[in-house]
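Okay, structure first, notes after.
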Amino acid sequence: MAIETQWVLDNAHLARLCAEWRQLPYVAVDTEFMRVDTFYPIAALLQVGDGRCAYLIDPLLITDWAAFAGLLEDQAVVKVLHACSEDLEVLWRLTGSLPTPLFDTQLAAGYLNIGFSMGYSRLVQAVLGLELPKGETRSDWLQRPLSETQIQYAVEDAQHLAELYEALMPKLSEDKRAWVLEDGAELVTNLQRETDPDEAYREVKQAWRLKPKQLAVLRVLTAWRERQARERNQPRNRVLREHSLWPLARTQPSDLVGLARIEDMHPRTVRQDGETLLELIRTAATTPEQDWPEPLPEPLPLDASGLLKKLRAVGQHEAQTLDIAPELMLRKKVLEALLKSGYPDGPYRLPESLRGWRRERMGQALLDVLEKKS
């Protein structure tokens, strides 16, 4: 059966549709974008499904996104997306707004214990019994006109996403519906909390092995890299490769020859930004002691793995009780942050990253495991 399709190619048409969509209980939203040599994704197509029709919005023609931003922020309309972290980035960049409330069908599948981190095609097959054509994700979505295959793929995405929502929603208990939306809100908050360039050094592999004086250099280099990537709209590794950061901060070369010898240093970076990097290193090396960063915590030792296993068991037990995919319960990062708060002898503190219903249901049980140990 052919799916009704509408192209949206001008601002007035989009504004009219947004007014109609705001009368509905939900809309399904998907995006196609390109991100090969850029820091920011380039929106190439937006799809909206209302269960009856698939709308294809061309962001190469639309110039006024105010009405669409209003729809995204309308609390009365649930926005349905699938595995949406990259879609959120596209929407944020394009409209300056993010979808709330947000219902992610991948999360919903986890809460129904259908599967965890399920790809869209697999979920459509599992829930709707439909076999989707092979993805067009790698094709050029910025080309015009789009191919018939691309159009069919985009239309089916919008239509089946709406059908997925209508199939999954009634199966979720009231609690689980609230939890899916709570997790959706957290995805939105995390995206709004843009990486602070001056804090980016904390994420560099092996950074914990550096002394505070060297960390001062690393902090300056990573902040420069982050800001340049945004300004130039280039991937971070194009500006300065990840694997060069740690040896740069540790050895602090003083000339271009030394810089070129740094592990994984691209010759282009030496040519384009070599003098700048040397100047950054020189200046950062003179940071007064009181302004050095605190030493970073060491990774947990191997003998903490037994405790991690016991903590994970708390989540697995709760998952079994609630019939939820166990991977949804407690993220490894959360458990590691909990252990690091007091390892090895305590006292332990629940990390800020353990929030909402998970904190309520499992917080005390996690602390009890650690109390027994200490």
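We use all heavy atoms of the structure for the numbers below, so side chains are in, but hydrogens, waters and symmetry mates are not.
- E242 pairs in a side-chain hydrogen bond (donor to acceptor under 3.5 Å, both in side chains) with only one of the listed residues (R225, K205, R236), which is R225.
- When only modelled atom types and interatomic distance are considered, T31 and D87 share a side-chain donor-acceptor pair under 3.5 Å.
- Under the side-chain contact (heavy atoms from CB on, under 4.5 Å) rule, L366 has a single partner from L339, V314, V334, which is V314.
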Mind running side chain to side chain donor-acceptor pair (under 3.5 Å) on Q214 and Q252 for me, showing each step along the way?
CA-CA 8 Å; Q214 295 168 324; Q252 300 175 20; over 6 Å; no
Check step by step if side chain to side chain contact (heavy atoms under 4.5 Å, CB included) holds for L172 and W179.
CA-CA 10 Å; L172 289 161; W179 297 342; over 6 Å; no
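- Within a 6.0 Å sphere centred on NZ of K340, heavy atoms belonging to other residues, nucleotides or ligands number more than 12.
- Note: the hydrophobic cluster containing L191 does not contain F39 (ILVMFWY, side chain heavy atoms under 4.5 Å, direct or indirect links).
- Taking 4.0 Å as the cut-off between side-chain N and carboxylate O, D196 and R202 do not count as a salt-bridged pair.
- In this structure, Q150 contributes its side chain and S147 its backbone to a donor-acceptor pair below 3.5 Å.
- In summary, the side chains of E89 and S85 do not present any donor paired with an acceptor at a separation below 3.5 Å, with no hydrogens or angles considered.
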Name each donor-acceptor pair under 3.5 Å that joins a side chain in residues 91-102 to protein atoms two or more places apart or in another chain, with its distance.
{"from": "T95", "atom 1": "OG1", "to": "L91", "atom 2": "O", "distance (Å)": "2.8"}
{"from": "T95", "atom 1": "OG1", "to": "S97", "atom 2": "N", "distance (Å)": "3.0"}
{"from": "T95", "atom 1": "OG1", "to": "S97", "atom 2": "O", "distance (Å)": "3.2"}
{"from": "S97", "atom 1": "OG", "to": "E73", "atom 2": "OE2", "distance (Å)": "2.5"}
{"from": "T100", "atom 1": "OG1", "to": "Q75", "atom 2": "NE2", "distance (Å)": "3.1"}

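- A distance of 6.0 Å or more separates the ring centres of W7 and Y55.
- The environment of Q143 atom CD is dense: over 12 non-hydrogen atoms of other residues, nucleotides or ligands sit within 6.0 angstrom.
- Between V239 and Q228, the closest heavy-atom pair is CG1-CB, 3.8 Å.
- Counting only heavy atoms from C-beta outward, the side chains of L123 and H82 approach each other to under 4.5 Å.
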Show, in sequence, the C-alpha distance, side-chain angles and deciding distance for E199 and T195, and conclude whether the side chain to side chain donor-acceptor pair (under 3.5 Å) test is met.
CA-CA 7 Å; E199 295 295 313; T195 306; over 6 Å; no
Please step through side chain to side chain donor-acceptor pair (under 3.5 Å) for the pair Q125 and R122, ending with a clear verdict.
CA-CA 5 Å; Q125 191 177 14; R122 263 186 66 218; over 6 Å; no
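- With respect to E336 and K333, no salt bridge is recorded, no charged nitrogen being found less than 4.0 Å from a carboxylate O.
- Look at D183 and K176 and you find no salt bridge, because none of the NZ, NE, NH1 or NH2 atoms lies under 4.0 Å from a carboxylate O.
- Between E226 and R230, at least one side-chain N (NZ, or NE/NH1/NH2) sits under 4.0 Å from a carboxylate O, which counts as a salt bridge.
- Remark: side-chain polar atoms of Y348 are paired, donor with acceptor, to backbone N or O of P344 under 3.5 angstrom.
- L296 and W292 sit in two unconnected hydrophobic clusters of ILVMFWY residues. Membership requires side-chain heavy atoms under 4.5 Å apart, directly or through other members.
- With sequence neighbours excluded, the residues that form a side chain to side chain contact (heavy atoms under 4.5 Å, CB included) with R52 are L24, D50.
- In this structure, a donor-acceptor pair under 3.5 Å is present between the side chains of E156 and Q152.
- Residues L132 and Y153 fail the side-chain proximity criterion, which asks for heavy atoms closer than 4.5 Å.
- For the pair R144 and D58, the salt-bridge criterion is met [side-chain N within less than 4.0 Å of a carboxylate O].
- Within the structure, side chain to side chain donor-acceptor pair (under 3.5 Å) contacts touching residues 160-174 (residues at least two apart or in different chains) are Y26-E166, Q159-E163, H160-E163.
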Might you work through the side chain to side chain donor-acceptor pair (under 3.5 Å) test for Y111 and D175, ending with a clear yes or no?
CA-CA 10 Å; Y111 277 107; D175 273 350; over 6 Å; no
